[in-house]
Amino acid sequence: MISLDLRNAKLDEDLSLWQERVSKAHRDLHEKTGAGNDFLGWVDWPLNYDKEEFARILALKKRMEGKYDTVLVCGIGGSYLGARAAYEMIKGLYPEEGIEVIFVGNTFSYTYISQVLKHIENREVVLNVISKSGTTTETSVSFRIFKQWMEAKYGEKAKERIYATTDKARGTLKTLADEEGYETFVIPDDIGGRYSVFTAVGLLPLALANVDIEALMKGSLDAYNELNTDDLSRNPAYQYAVARRILDNKGYKAEYFVTYHLQLTMIAEWWKQLFGESEGKEGKGILPTSACFTTDLHSLGQFIQEGSKYEFETIFYIDEMADDILFPGDEKDLDHMNYLAGKKLSWVSEMAFEGTLSAHSDDGNNPNMVIHLKDNSAYSFGYMIYFFFIACGMTCYLLDINPFNQPGVEVYKKKMFKLLGKE
């Protein structure tokens, strides 16, 4: 399902030298004895997820069929990035079913909020608000606005169209939801936001968007079973984790996560949060950044090819994307493009990938890793997220940090609240 190509990674070090450290970190992850172990619930979640709540999600989807054409997902960070990444990877940017998913609550941009309000004016809407505490400011601002819009449109029936994903027993949002009579779903206590896409945080909005969440969970379960080994020679997730540490030690301090399809850009955004918030602390870590080729080669290509050499590339390449088309011929050939006539655009994209890999690795002397995923199905998404979860946990434990907290995020909040006059 997933393979890792390290032929162009320029590691200059045998991965097997890390086996002892990998074995210890593997035990710390799976026995839940490492740093931040109170947030390791995701490790065996594919096996032990809440089956009753999963059934409630499917029942809600069935109950609401035909009653909505728009899903508002109100959350920030891990409360929306995973769902959006999955939705766009699996369904594409312009899905055919007619269900539109709009993500709000992730910005203070008043222009964006105003535009969404105008856009949904004549739409049939359901709203899923996602927050563990209910006090995340960006989400709370949007939720109040869209909650009141729902109430103005649907009256008492609004509560049948608003669903809260939050703490199981306490917090501002839980209290509000109980008071208003919203159906609630649970963010597990032992799973942090950026590891939560295969909980109700991601599964509820994805189910409403007609994504096959049963296939998604099957993919994550297969990944759990197949990657549950400390044998570095057989675990591509741990190989990726170790390769990052080797390149970090060699002075490569930034990692470009490269995709080749516009519908995968949110995968990169999700990946950046996962690795950025997990690894960037105590003055350590690799800066996670991203690019979408070939588009960004016309802006970043020069720098990557000949600029300062402090970055490496991790190419996330899906081998079998849906919706391929043939390039047409033209009798006049005034644009001189007939040399591609009859070729699939997937082949053109593959040649661009291979040519760019050669240019950056051979001529530009940049380390490149390639992660191959079979296709863009819901099953493959489920497999992929577990791959990156376990790789992230491993690479951070090898750096001797706690991957599951984010104390630095609170700094801006305190200063912002002071300026806003919040007591």
Side-chain angles (χ1 to χ4, degrees), residues 25 28-29 32 34-43 45 73-86 103 105-108 130-139 165-167 187-199 201-202 237 240-241 244-245 247-248 252-257 259 265-291 311 314 316 384-417:
D28 287 341
L29 285 167
K32 300 181 181 180
N37 54 68
D38 48 339
F39 284 99
L40 280 170
W42 57 269
V43 173
W45 185 256
V73 182
C74 188
I76 195 169
S79 294
Y80 95 100
L81 280 170
R84 184 169 180 181
F103 295 88
N106 51 55
T107 178
F108 290 129
I130 307 165
S131 176
K132 180 71 169 174
S133 65
T135 59
T136 305
T137 313
E138 292 90 342
T139 300
T165 307
T166 187
D167 190 271
I187 301 175
D189 288 337
D190 56 355
I191 299 179
R194 56 189 178 274
Y195 297 84
S196 67
V197 62
F198 54 7
T199 72
V201 171
Y240 171 57
R244 295 181 80 254
R245 296 276 63 87
L247 290 170
D248 186 10
Y252 293 99
K253 299 300 182 181
E255 179 177 9
Y256 274 107
F257 188 84
T259 61
T265 56
M266 289 308 300
I267 296 289
E269 295 304 307
W270 170 81
W271 173 90
K272 284 193 287 189
Q273 190 211 11
L274 177 64
F275 280 82
E277 280 196 345
S278 297
E279 188 177 52
K281 54 199 69 166
E282 300 180 23
K284 301 177 182 179
I286 298 168
L287 173 67
T289 186
S290 62
E311 79 282 349
T314 296
F316 177 63
M384 177 208 70
I385 59 171
Y386 195 84
F387 172 93
F388 281 120
F389 283 161
I390 202 72
C392 186
M394 173 58 67
T395 202
C396 290
Y397 274 2
L398 293 177
L399 196 58
D400 296 321
I401 60 171
N402 179 356
F404 310 114
N405 62 359
Q406 52 279 337
V409 174
E410 303 304 316
V411 178
Y412 95 87
K413 294 181 182 179
K414 292 178 181 178
K415 292 183 178 291
M416 177 184 68
F417 290 151

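All of these numbers come straight from a predicted model, not from anything done at the bench.
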Q: Go through it in stages, so that I can follow the logic: the residues are Phe257 and Phe275, the test is ring pair (Phe, Tyr, Trp, His ring centres under 6.0 Å), and I'd like the CA-CA distance, side-chain angles, deciding distance and then a yes or no.
A: CA-CA 11 Å; Phe257 188 84; Phe275 280 82; 8.4 Å; no

Q: Any chance you could measure Ser196, atom OG, to Leu81, atom CG, to the nearest 0.5 Å?
A: 9.5 Å

Q: Which atom names give the shortest non-hydrogen contact between Ser278 and Ile401, and what distance separates them?
A: O-CD1, 3.5 Å

Q: For a quick test of reading the model, state the closest non-hydrogen atom pair linking Ala237 to Ala391 and the distance between them.
A: O-CB, 3.4 Å

Q: Looking at Glu255 and Arg244, is any side-chain nitrogen of the basic one under 4.0 Å from a carboxylate oxygen of the acidic one?
A: yes

Q: Do Asp28 and Tyr397 have side chains that approach each other closer than 4.5 Å (heavy atoms only, starting at C-beta)?
A: yes

Q: Can you tell me how far the OG atom of Ser290 sits from the CH2 atom of Trp271, to the nearest 0.5 Å?
A: 7.5 Å

Q: With a 3.5 Å distance limit and no angle check, can you tell me whether Glu279 reaches the backbone of Pro403 through a side-chain donor-acceptor pair?
A: no

Q: Would a 4.5 Å heavy-atom cut-off, applied to side chains only, mark Thr395 and Tyr240 as touching?
A: no

Q: Main chain of Phe389, side chain of Trp42: is a donor-acceptor contact present, judged purely on distance under 3.5 Å?
A: no

Q: Determine whether Asn106 and Phe103 make a side-chain contact, defined as any pair of heavy atoms from C-beta on separated by less than 4.5 Å.
A: yes

Q: Excluding sequence neighbours, so at least two apart, what forms side-chain hydrogen bond (donor to acceptor under 3.5 Å, both in side chains) with Thr199?
A: none

Q: Do the non-hydrogen side-chain atoms of Phe404 and Cys396 ever get within less than 4.5 Å of each other?
A: no

Q: How would you list, by chain and number, every residue that makes a side chain to side chain contact (heavy atoms under 4.5 Å, CB included) with Ser133, sequence neighbours excluded?
A: Ser131, Thr135, Thr136

Q: Would you confirm whether Tyr195, through its side chain, and Asp190, through its main-chain N or O, come within 3.5 Å as a donor-acceptor pair?
A: no

Q: Work out which heavy atom in Thr139 is nearest to a heavy atom in Ile76; give both atom names and the distance.
A: OG1-N, 3.6 Å

Q: Salt bridge check, Lys132 against Asp189: does any charged N sit closer than 4.0 Å to a carboxylate O?
A: yes

Q: Enter the distance from Thr259:OG1 to Ile267:CD1 here, rounded to the nearest 0.5 Å.
A: 9.0 Å

Q: Side chains of Phe39 and Ile191, heavy atoms from C-beta outward: is any pair under 4.5 Å?
A: no

Q: Kindly indicate, with the supporting measurements, whether the criterion side chain to side chain contact (heavy atoms under 4.5 Å, CB included) is fulfilled by Val197 and Arg84.
A: CA-CA 10 Å; Val197 62; Arg84 184 169 180 181; over 6 Å; no

Q: Starting at CG of Leu399, measure out to CD1 of Ile286 and round the result to the nearest 0.5 Å.
A: 8.0 Å

Q: Between atom CD of Gln273 and atom CZ of Arg194, what is the distance when rounded to the nearest 0.5 Å?
A: 6.5 Å

Q: Are the charged groups of Glu311 and Lys253 less than 4.0 angstrom apart, N to O?
A: no

Q: Do Ile187 and Thr165 make a side-chain contact, defined as non-hydrogen atoms from C-beta onward lying under 4.5 Å apart?
A: yes

Q: After noting the C-alpha distance and the side-chain angles of Asn402 and Lys281, does the key distance pass the side chain to side chain donor-acceptor pair (under 3.5 Å) rule?
A: CA-CA 9 Å; Asn402 179 356; Lys281 54 199 69 166; 5.6 Å; no

Q: Looking only at non-hydrogen atoms, find the nearest pair between Ala85 and Trp270 and report the distance.
A: CB-CB, 4.0 Å

Q: Below 4.5 Å, heavy atoms only, C-beta onward: do Glu138 and Thr107 meet side chain to side chain?
A: no

Q: I'd like to check Phe388 versus Leu274 (side-chain heavy atoms, cut-off strictly below 4.5 Å). Are they in contact?
A: yes

Q: Among residues two or more places apart or on two chains, list those pairs meeting salt bridge (charged side-chain N to carboxylate O under 4.0 Å, His left out) that have a residue in residues 265-276.
A: Glu269-Lys272

